[in-house]
Amino acid sequence: KAGVTQTPRYLIKTRGQQVTLSCSPISGHRSVSWYQQTPGQGLQFLFEYFSETQRNKGNFPGRFSGRQFSNSRSEMNVSTLELGDSALYLCASSSGGGDTQYFGPGTRLTVL
Amino acid sequence: DAKTTQPPSMDCAEGRAANLPCNHSTISGNEYVYWYRQIHSQGPQYIIHGLKNNETNEMASLIITEDRKSSTLILPHATLRDTAVYYCIVYPGNTPLVFGKGTRLSVIA
């Protein structure tokens, strides 16, 4: 079974721009969670989508948003990028029944 | 905040067993103990999880104390490729994973 895939793997943007990251979960998984990892704050939860609905949300500003499609693929969007948004963005998928989350390789975003 | 306490770093000789401890004294009855590891700048990799009983899979063994207040992840024959940050997480399911700082394991040749 193929694992979680994320595209693109690397991205460079400038302040003020917006960016969209994509995540394809493991086949059959209906839950996708997004996390941000920075050296200073570690791994922090952004939000979770299950069956196209946001089920949980972390403590991030409204510039961070996401959505999930009917095929369970998910996208997250960050608008008006700031230097501090430079991070590794990770998505994880699970069946949604409270079981194991499996992570993708991440998207490394650099904001200049 | 993370509900677990782990040593910040450990060393292990290649070929020897690596024993990584984790304290979770406030764990609730319905919370599982999960272990993930993250090799430099890659996504966290699931290793193993357990509720009460000891568990073993092809990667590692998980020993949970009878009172469930602590656990140990055992890598039976550590290799250089096991060098990573190991995270112990208490997880009830259907909630976000809460990562602490983990233990940085260095396997030395």
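Naming: A, B, ... by sequence-line order, numbering from 1 per chain. Values reported hereafter were calculated over all heavy atoms of this structure, with side chains retained and with hydrogens, waters and symmetry mates removed.
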- Cluster check A:L21, A:L88: I/L/V/M/F/W/Y, side chain < 4.5 angstrom: no
- Query: Does A:L109 share a hydrophobic cluster with A:V4, counting links as ILVMFWY side-chain heavy atoms below 4.5 Å and allowing steps through other members?
  - Reply: no
Step through the atoms of chain B and chain A and list each donor-acceptor pair whose separation is under 3.5 Å.
unit_1: B:Y34; atom_1: OH; unit_2: A:T100; atom_2: OG1; d: 3.1
unit_1: B:Y36; atom_1: OH; unit_2: A:Q101; atom_2: N; d: 3.4
unit_1: B:Y36; atom_1: OH; unit_2: A:Q101; atom_2: O; d: 2.6
unit_1: B:Q38; atom_1: OE1; unit_2: A:Q37; atom_2: NE2; d: 2.9
unit_1: B:Q38; atom_1: NE2; unit_2: A:Q37; atom_2: OE1; d: 2.7
unit_1: B:S41; atom_1: OG; unit_2: A:R108; atom_2: NH2; d: 3.2
unit_1: B:Y91; atom_1: OH; unit_2: A:Q101; atom_2: NE2; d: 3.4
unit_1: B:N94; atom_1: OD1; unit_2: A:R55; atom_2: NH2; d: 3.3
unit_1: B:N94; atom_1: OD1; unit_2: A:G98; atom_2: N; d: 3.0
unit_1: B:L97; atom_1: N; unit_2: A:Y35; atom_2: OH; d: 3.0

- Query: Does B:L97 share a hydrophobic cluster with B:I27, counting links as ILVMFWY side-chain heavy atoms below 4.5 Å and allowing steps through other members?
  - Reply: no
- Query: With a 4.5 angstrom heavy-atom cut-off, which part of A:L43 approaches chain B: side chain, backbone, both or neither?
  - Reply: both
- Message: According to a hydrophobic-cluster definition based on side-chain heavy atoms being under 4.5 Å apart (Ile, Leu, Val, Met, Phe, Trp, Tyr only), do A:L46 and B:F99 belong together?
- Response: no
- Closest heavy-atom contact between A:F103 and B:P44? CB-O, 3.2 Å
- Message: Is there a continuous path of hydrophobic side-chain contacts, each under 4.5 Å between heavy atoms, that joins A:F60 to A:V78?
- Response: yes
